[in-house]
Protein chains: 2
Amino acid sequence: MVYRSAMKIGELSKTTGVSIDTIRYYEQRTLLPEAVRTQSGYRQYSGNDITRLKFIVQAKELGFTLKEISQLLGIQSSDCRDVKLIAESKALEMEGRIAKLSRMKEVLLELADKCGQSGNDDPCPILKSLEELT
Amino acid sequence: MVYRSAMKIGELSKTTGVSIDTIRYYEQRTLLPEAVRTQSGYRQYSGNDITRLKFIVQAKELGFTLKEISQLLGIQSSDCRDVKLIAESKALEMEGRIAKLSRMKEVLLELADKCGQSGNDDPCPILKSLEELT
DNA sequence: CTTGACTCTGGAGTATGCTTTATGGTTTAT
DNA sequence: ATAAACCATAAAGCATACTCCAGAGTCAAG
């Protein structure tokens, strides 16, 4: 895997699919570190920024807010004293989400099964199934 | 499990933890059906509404937008003809999320492990770990 | 050396998901 | 019967997360 170490914001945008404005916005929100600048003031990025930006995108897709992602990434900036604790608590949080998603998935599949079997004009049993979730 | 079949918006709010205003907002957004009214115009709710509202809360915590939740719940209002397909595709979507969350969790635990072992002043290896994610 | 693509900053605008405010009717307990 | 608590609508306001200008500098190609 070869990363050209220097690229401008447009290229970072293209390789990550994140818009230029959004990249600058993330910098403002400190999700990305302040970019190194060329003499003329252009932002310079590296492979690390690609990785970080892709991580942000993934986390967002999973429903984390920018604030939470900032926390997740903030782990890096800490001095490694309580990183272990933070990372473990975040992992637990994810486990909770996984459990909820699994239950929702089960409910939906059950529903699919029931609706597949029952006649087309029967009322769908979704609300009944949803009760199992709570 | 006994539900009193009739309750006003304040009680629904208390039992679900969702604010009165938000409940009305969800009705506006058609996440909740238009509530039956008393002669005086007060909204009347039942156990079904509790279930539905709790489902909405759960789905929101999992990062679904109101639009997506509307779709999930919309399954009910369809005539059971393609419910099976919709439910299955949603379940697949959740599986994808679960996979991503699992990977993020693994990365975080690895990170916790590494940071726990390494000296307190070493740089944290988070970015390296993040690469495994993408 | 100029055209066109790219970048900069600062600020305004937009969509989503509430939350608050203003104004007024209803219900209930004393 | 009246105060306190509850409910109604409509509209404005707010936080988050972008998204889109305006006005201006930078740079590579012909």
Side-chain angles (χ1 to χ4, degrees), chain A residues 4-46 49-50 52-74 93 97, chain B residues 4-46 49-50 52-74 93 97:
Chain A
R4 238 163 24 305
S5 61
M7 79 184 82
K8 283 182 284 180
I9 198 166
E11 195 179 341
L12 180 62
S13 172
K14 255 167 218 156
T15 51
T16 59
V18 177
S19 87
I20 289 178
D21 285 317
T22 301
I23 292 171
R24 286 196 280 244
Y25 176 68
Y26 286 168
E27 180 179 322
Q28 209 181 275
R29 291 286 309 266
T30 70
L31 289 171
L32 292 175
E34 274 195 34
V36 176
R37 302 296 184 109
T38 64
Q39 319 89 300
S40 55
Y42 285 13
R43 288 173 179 80
Q44 292 266 214
Y45 295 101
S46 72
D49 297 299
I50 296 176
R52 198 171 169 114
L53 207 38
K54 281 187 178 167
F55 178 86
I56 293 170
V57 170
Q58 298 250 339
K60 260 175 47 58
E61 276 169 19
L62 295 172
F64 290 96
T65 64
L66 294 193
K67 206 173 202 173
E68 289 168 329
I69 296 168
S70 189
Q71 248 201 317
L72 280 170
L73 288 169
E93 216 177 290
R97 281 183 189 229
Chain B
R4 238 162 23 306
S5 61
M7 80 183 81
K8 284 182 284 181
I9 199 168
E11 196 178 340
L12 179 63
S13 172
K14 257 168 216 157
T15 50
T16 58
V18 177
S19 88
I20 288 177
D21 289 313
T22 302
I23 292 172
R24 285 197 280 245
Y25 176 68
Y26 286 168
E27 180 180 322
Q28 209 180 276
R29 292 287 309 266
T30 69
L31 291 171
L32 292 175
E34 274 194 36
V36 178
R37 302 297 183 109
T38 64
Q39 319 90 300
S40 54
Y42 285 15
R43 288 174 178 82
Q44 293 265 216
Y45 294 101
S46 72
D49 297 299
I50 296 176
R52 199 171 169 114
L53 206 38
K54 281 185 179 168
F55 179 85
I56 294 170
V57 170
Q58 298 249 338
K60 261 175 45 59
E61 278 169 19
L62 295 172
F64 290 96
T65 64
L66 294 193
K67 206 173 201 170
E68 288 168 330
I69 296 169
S70 189
Q71 247 202 319
L72 279 170
L73 288 169
E93 217 178 289
R97 280 182 190 231

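Computed from a prediction, not measured in an experiment: that's the story for all the values here. Chain A is the first sequence line, chain B the second, and so forth, proteins listed ahead of strands; every chain is numbered from 1.
Atom CD of A:Q28 and atom P of D:dT19 are 14 Å apart (whole Å). Rounded to whole angstrom, the span from the CG atom of A:L31 across to the C1' atom of D:dC18 amounts to 12 Å. Separating the OH atom of A:Y26 from the C1' atom of D:dT16 is a distance of 11 Å, rounded to the nearest angstrom. One atom, CD of B:Q44, and another, P of C:dT26, lie 15 Å apart when rounded to the nearest Å. Taking atom CD1 on A:I20 and atom P on C:dC6, their separation rounds to 8 Å, with Å as the unit. In this entry the distance linking NZ of A:K67 with P of D:dC18 reads 15 Å, nearest Å. Distance CG (B:D21) to C1' (D:dC7): 11 Å, rounded to an integer number of Å. Atom-to-atom, OH of B:Y25 to C1' of C:dG17 comes out at 4 Å; the value is rounded to the nearest Å.
Although no hydrogens or angles enter the test, the distance criterion places a donor-acceptor pair under 3.5 Å between the side chain of B:E68 and the main chain of B:T65. Remark: side-chain polar atoms of A:T15 are paired, donor with acceptor, to backbone N or O of A:E11 under 3.5 angstrom.
Distances shorter than 4.0 Å separate some side-chain N or O of B:R24 from OP1 or OP2 on D:dA8. Phosphate contact (OP1/OP2 of C:dT7, side-chain N/O of A:S40, threshold under 4.0 Å): absent. Phosphate contact (OP1/OP2 of D:dT9, side-chain N/O of B:R43, threshold under 4.0 Å): present. Between B:K60 and C:dC18 there is a side-chain polar atom (N or O) within less than 4.0 angstrom of OP1 or OP2.
Counting any heavy atom pair closer than 4.0 Å across all strands shown, A:T65 reaches sugar-phosphate atoms only and no base atom.
Cation-pi contact between A:R97 and A:F64: present, with separation from the ring centre below 6.0 Å and deviation from the ring axis of at most 45°.
Of the candidate nucleotides D:dC6, D:dC18, C:dC18, D:dC18 has the atom lying nearest to any side-chain atom of A:T22. Nearest nucleotide to the side chain of B:R29, out of C:dT7, C:dG17, C:dC6: C:dG17. The side chain of B:Y42 approaches C:dG25 more closely than any other nucleotide in the set C:dG25, D:dT26, C:dT9.
A:V18 approaches A:S13 most closely through the heavy-atom pair O-OG, 2.7 Å.
Salt bridge present: A:R24 and A:D21 bring a charged side-chain N and a carboxylate O closer than 4.0 Å.
When the nearest nucleotides of DNA chain D are assigned to A:L66 and B:G41 by heavy-atom distance, the more 5′-ward of the two goes with B:G41.
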